[in-house]
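See below for the structure under consideration.
Reminder, nothing fancy here: chain letters follow the sequence lines and each chain counts from 1.
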Amino acid sequence: MMERIEALRHTAAHVMAQAVMRLWPDAKLAIGPAIKDGFYYDFDLEHRLTSEDLSAIEGEMRKIVKEELPLIREELSKAEAVKLFTRMNQPYKLELLAELPEQVSVYRQGEFVDLCQGPHVDSTAQVKHFKLQTVAGAYWRGDSSRPMLQRIYGTAFSSREDLEAHLRLLEEAAKRDHRKLGRELDLFSIQDEGPGFPFFHPKGMVIRNALEDFWRAEHIKRGYHEVKTPIMLHEDLWHRSGHWDNYRENMYFSEIDEQRFAIKPMNCPGGMLLYKRKLHSYRDLPLRVGELGLVHRHELSGALHGLMRVRCFTQDDAHIFMLPSQVQAEIEGVIEFIDAVYSDVFGFRYHVELSTKPANAIGDDAMWERATQALKDALAAKGLPYVINEGDGAFYGPKIDFHLEDSIGRTWQCGTIQLDFAMPERFDLVYIDEDGQRKRPAMLHRVIFGSIERFIGILTEHYAGAFPLWLAPVQVMVIPVSDGQNQYALEVEQSLRHQGLRVESDMRSESVGKKIRAAQLQKVPYMVIVGEREAETGMISVRHRQRGDLGGTTLEPFCQQLLQEIAERR
RNA sequence: GCUGGCGUGGCUCAGUGGUAGAGCAGUCGAUUCGUAAUCGACAGGUCGAGGGUUCAAAUCCCUCCGCCAGCUCCA
C-alpha cells in the first residue's frame, strides 16, 4: 500500500518532467524522487520558472495523464544507456550513469524516457490527483559547489479526498506557524536590526520563565548543580578546545585591550575551566553541572527561521563528568530524563538519531569507536529505535539527537547527548581515584530542550498557541459585564493574583461578547465573567477557552482547581 | 551563502507613472450590554534604505538591507 503511493508519486515526477520537456525542450534533467507526501524533480533550465509556469506545467501534465501512456521498463547495458542519454543531450544523467553498475533500467512513457530503477504505476492515467506547489533552488547532488538547479515540488495522492485533506492540513498547519502566533500572541519578535536575534516580549518571557523554573526543579531532583559561565572568553581558550580549528566559521570575535576574545558558540570550554578550578575525587563523580547558557553562532542568513533557527540562543546545557564505569548509566539516565520531559510532560512524538564521526574531528579512531559503541549500548539498553546519521557528530564526539516535528512535519533537533573523551584530554581533566592516582574522567554534553528559543517555537506550534495553564502568559481574564462591575472585577483580579495566578481584567466599555472574543483569540485558558448577579452574590461565572461556559462558582474552589491544574501541568 | 519570490500605518491587505486608501487594533465620545465582533468620530504611513531615469516615482532601473520558500548548514 505504502509502496503503491510511492510509485504513484514517482510516476507523477516523471509526468512532470515530461511536461517540462515538452514546454522547454532544452531542459536538462537531474533527479526526481518520491518524497513524503509528494515528489520533486530538479531541472537545469535557462528559463526561470515562475508560479504561472507551474499552472502551464500542470496543464501539460493533465494532457499526459489523458493520453494514458503506459510506463515501459527497459533493461539496458550501461554502454547503450550512455549512448541514449548522449543522444538526448542529458549530461546529469550521464554523470549518474558513471556510478551505476553495468546493467541499468530506463522507463519510457510516450516520447519521454528517463534513467530510473522504478517501480512505477502502469500508466500515466493513474496520476490523477496531484498539485504542483513551489519552485525553489537546489544544488546538484546537494553540493553547494555544484550548479544550482530549479526544483519543482508537487504533491500527489491516490484519491481526490486524500489530496484535498492534505491541502487542508497544510492550510491548518500554516495557522499554527510559531512566527504568526508569536506576533498575534505578542510573545516575541525579530527586528530588522537584529536578524536571528530574537526579542522576548513580556508574554513570551512568562513562558520562558515557566520553562526555566520547571527545568531547574527537574534538575535539582536529578542531582544537578547549576552554574553560569561568561559569554565572552579569550581566544586562546578556543584554540585549546579545538573550536578555532573546527568551528571558527560560526563564531563571532571581538577585541578587548588588544587581546582577541570570542563570543561563546558553546558552553563546554567554560565548563572545562570550572571543572579544573579544583581537584576532584572519584567520590565527587558523577558530577552533573547544568547551565542555561546563551550562545551565539553565525548561521547563514538563508538558514534563519523564526525561533527555530537563530543566531543567539540559550542552551539548557549540562556537562556530566564521570568515571569510565559510570558512562552507560549516565547516558541512560539522560535518555530517561529527556523522555520524561518530552513524552510525559508535553506529549511530543519524537525520533532518535545517532550521529557518528564527522570529517573534521579531534581524537583518534579508537576513541570514537569506543564512544559510539557506548551510545549504541545505552540506546539498546533503553530499547530505543534509532537511525544512524553518518558523519554528523560534533567535532569532539558522537551524539544521540532527539528530533521533534513542527506543524508542517519538518523535524528539528532539540535534545542531544554527546559523549566526549576528547575535550577532557585536551584540557587535561583529572580526578583522584581510590588508588590515589590521577585519572581521566569521561564527559557527557547534553541538552533537554536543546535551545529554549527553538523549544518555545515547537511548543507554540504543538499547542497551536493554546498553552496549558502552567505556561499560559495570561491564565485568567476577568471580564466585567458593564462598567458598574469594574470595581468588583478589580477585587476578583487582586484576589486571584494574590494566589499566584496570572490575571488581567478587560475593563473597556465594550460588549461582553467582544471582550470574550478578544480573550478567546488570545487563547486565555479561563475567563471569569462578572455582572450584576455575581457582584451582588460574591460569585463568579467561569468560561473555559475550549469547554465554554462552565457556570457559576465562588473564588475559593475555582482558585484551588486552577492551582491543581497548574501543579499537574495539564 | 546560493536560486527564486516579496517588502505600503501595530496587524491583514488594496493601490503599477499624476501630490497615499480600507478593515481590524488604538484614542475619544455615546452606549451599560450576560458567554466569539454596539455605534460614531479622531488619530496614525518621508510606501525597507540609498542612488538613478522622468516635468512627475509606492509604481520604472541599479545597489544594499530584511523577510518568505527551498538548497547548503545546524540546537
Side-chain angles (χ1 to χ4, degrees), chain A residues 40 42 48-51 53 133-153 177 179-180 183-184 186 189-196 247 249-250 265-266 293 295 297-317 355 392 394 399 401-404 408 410 412-416 418 445-455 457-458 479-486 508-522 527-534 541-545 548-552:
Chain A
Y40 69 78
D42 289 346
R48 297 286 113 182
L49 294 167
T50 64
S51 44
D53 292 333
Q133 295 167 299
T134 55
V135 52
Y139 297 112
W140 167 236
R141 314 205 94 180
D143 182 342
S144 56
S145 66
R146 311 286 312 258
M148 177 149 284
L149 310 171
Q150 299 187 73
R151 172 174 298 178
I152 303 177
Y153 282 94
D177 187 311
R179 292 166 299 182
K180 180 176 156 70
R183 192 186 325 109
E184 290 171 355
D186 200 17
S189 60
I190 298 173
Q191 313 280 337
D192 285 359
E193 290 80 354
Y247 209 74
E249 297 295 294
N250 288 295
M266 296 186 194
V295 297
R297 298 182 182 177
H298 178 74
E299 299 294 345
L300 294 179
S301 58
L304 303 179
H305 181 92
L307 290 182
M308 302 295 203
R309 193 74 187 278
V310 290
R311 282 178 171 157
C312 76
F313 56 97
T314 305
Q315 293 185 307
D316 62 318
D317 217 342
S355 295
D392 210 37
K399 55 182 187 162
D401 294 326
F402 294 74
H403 294 253
L404 293 171
I408 56 174
R410 288 179 291 210
W412 297 90
Q413 184 184 320
C414 290
T416 174
Q418 310 175 339
H445 311 239
R446 51 102 282 192
V447 289
I448 310 288
F449 296 145
S451 104
I452 310 256
E453 290 78 3
R454 176 178 288 180
F455 202 76
I458 295 266
I479 299 175
V481 172
S482 67
D483 292 354
Q485 290 84 50
N486 280 359
R508 295 176 301 168
S509 292
E510 296 287 355
S511 66
V512 190
K514 183 161 186 165
K515 291 192 275 193
I516 286 174
R517 178 178 160 79
Q520 287 283 156
L521 291 174
Q522 284 295 303
M527 283 150 272
V528 164
I529 288 92
V530 291
E532 218 172 342
R533 283 205 301 272
E534 288 79 13
S541 176
V542 178
R543 176 188 167 95
H544 183 265
R545 67 182 168 202
D549 191 348
L550 301 180

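- Rounded to an integer number of Å, the gap from Glu534(A) CD to C33(B) C1' is 14 Å.
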Once base and sugar-phosphate atoms are separated, protein heavy atoms under 4.0 Å mark nucleotides 1-6 of chain B, 5' to 3', with B, S and - as BBBS--
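- Listed pair His403(A) / A75(B) fails the phosphate criterion, with no side-chain N or O lying under 4.0 Å from OP1 or OP2.
- Comparing U32(B), C11(B), A75(B) by their closest approach to the side chain of Asp483(A) singles out U32(B).
- Met308(A) places its CE atom 14 Å from the C1' atom of C74(B), with the value rounded to the nearest Å.
- Arg297(A) places a side-chain N or O within 3.5 Å of a backbone atom of Pro265(A) that can act as its donor or acceptor partner.
- With distances taken from any side-chain atom of Pro195(A) to the nucleotides G34(B), U32(B), C67(B), the minimum falls on C67(B).
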Check residues 306-313 of chain A and write down every donor-acceptor pair under 3.5 Å in which the side-chain atom is one partner and the other belongs to a residue at least two apart or another chain.
residue	atom	partner	partner atom	Å
Arg309(A)	NH2	Glu299(A)	OE1	2.6
Arg311(A)	NE	Glu299(A)	O	3.0
Arg311(A)	NH2	Glu299(A)	O	2.7

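- Summarising the base pairing, C71(B) is matched to G1(B) through a Watson-Crick or G-U wobble pair whose two defining distances lie under 3.5 Å.
- Qualifying ring-ring contact (aromatic ring centres under 6.0 Å, His included) partners for Tyr139(A), counting only residues two or more places apart in sequence or in other chains: none.
- Close to U38(B), at under 4.0 Å from its OP1 or OP2, lies a side-chain N or O of Ser511(A).
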Apply the test side-chain contact (heavy atoms from CB on, under 4.5 Å) to residues Thr314(A) and Phe449(A): give CA-CA distance (whole Å), side-chain angles for both, the deciding distance (0.1 Å), then the verdict. CA-CA 10 Å; Thr314(A) 305; Phe449(A) 296 145; over 6 Å; no
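- In this structure, the CD atom of Glu193(A) is 12 Å from the C1' atom of A49(B), given to the nearest Å.
- Look at Tyr153(A) and the base of G70(B); the rings do not stack under the cut-offs of 5.5 Å between centres and 30° between planes.
- Rounded to a whole Å, the CD1 atom of Ile479(A) is 14 Å from the P atom of G34(B).
- Not one side-chain nitrogen or oxygen of Gln520(A) sits closer than 4.0 Å to the OP1 or OP2 atom of A36(B).
- Of all nucleotides present, none satisfies the Watson-Crick or G-U wobble test against A36(B) with each distance under 3.5 Å.
- Under the 3.5 Å distance criterion, the side-chain polar atoms of Arg545(A) are left unmatched by any main-chain donor or acceptor of Gln522(A).
- Taking a 6.0 Å sphere around CD of Glu184(A), one finds it holds more than 12 heavy atoms contributed by other residues, nucleotides or ligands.
- Here A75(B) is the nucleotide among G34(B), C68(B), A75(B) with the atom lying nearest to any side-chain atom of Ser451(A).
- Side chain of Arg309(A), nearest nucleotide from C33(B), G70(B), C74(B): C74(B).
- For Arg297(A) against C74(B), a side-chain-to-base donor-acceptor contact under 3.5 Å is absent.
- Contact annotation: the side chain of Gln315(A) never approaches that of His445(A) to less than 4.5 Å [non-hydrogen atoms, C-beta and beyond].
- For U31(B), there is no paired base (Watson-Crick or G-U wobble, both distances below 3.5 Å).
- Nucleotide G26(B) is matched to C42(B) when pairs are restricted to Watson-Crick or G-U wobble geometry with both distances under 3.5 angstrom.
- Nucleotide C67(B) holds its P atom 8 Å from the CD1 atom of Ile190(A), rounded to whole Å.
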Are there any protein N/O atoms within less than 3.5 Å of an N/O atom in nucleotides 42-48 of chain B, and if so, which ones and at what distance?
none

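- Within 6.0 Å of CD in Glu249(A) there are 12 or fewer heavy atoms belonging to other residues, nucleotides or ligands.
- Taking every side-chain heavy atom of Gln315(A) into account, A75(B) is the closest of A75(B), C11(B), U32(B).
- With a 4.5 Å cut-off on side-chain heavy atoms, Lys515(A) and Met527(A) do not count as touching.
- Take Ser51(A) and apply the side chain to side chain donor-acceptor pair (under 3.5 Å) test, not counting sequence neighbours, and it matches no residue.
- Of the residues listed (Arg146(A), Arg151(A), Arg141(A)), the one engaging Asp42(A) in a salt bridge (Lys or Arg N to Asp or Glu O under 4.0 Å) is Arg151(A), and it is the only one.
- Relative to the side chain of Arg517(A), the nucleotides A69(B), A37(B), U32(B) differ in distance, and A37(B) lies closest.
- If you take CZ of Arg533(A) and P of C33(B), they are 12 Å apart, rounded to a whole angstrom.
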Can you pull every protein N or O that's under 3.5 Å from an N or O on nucleotides 24-27 of chain B?
residue	atom	partner	partner atom	Å
A25(B)	OP1	Lys514(A)	NZ	3.2
G26(B)	OP1	Arg508(A)	NH1	3.2

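- Within the 4.0 angstrom heavy-atom criterion, only backbone atoms of the sugar-phosphate kind lie near Arg151(A); the bases stay farther away.
- The phosphate of A36(B) has OP1 or OP2 within less than 4.0 Å of a side-chain N or O from Arg543(A).
- In this structure, NE2 of His305(A) is placed 18 Å from P of C74(B), rounded to the nearest angstrom.
- In this structure, G66(B) forms a base pair with C6(B), meeting either the Watson-Crick or the G-U wobble geometry with both donor-acceptor distances under 3.5 Å.
- G17(B) is unpaired under the Watson-Crick or G-U wobble criterion, no partner having all donor-acceptor distances under 3.5 Å.
- Distance OH (Tyr247(A)) to P (C74(B)): 8 Å, rounded to an integer number of Å.
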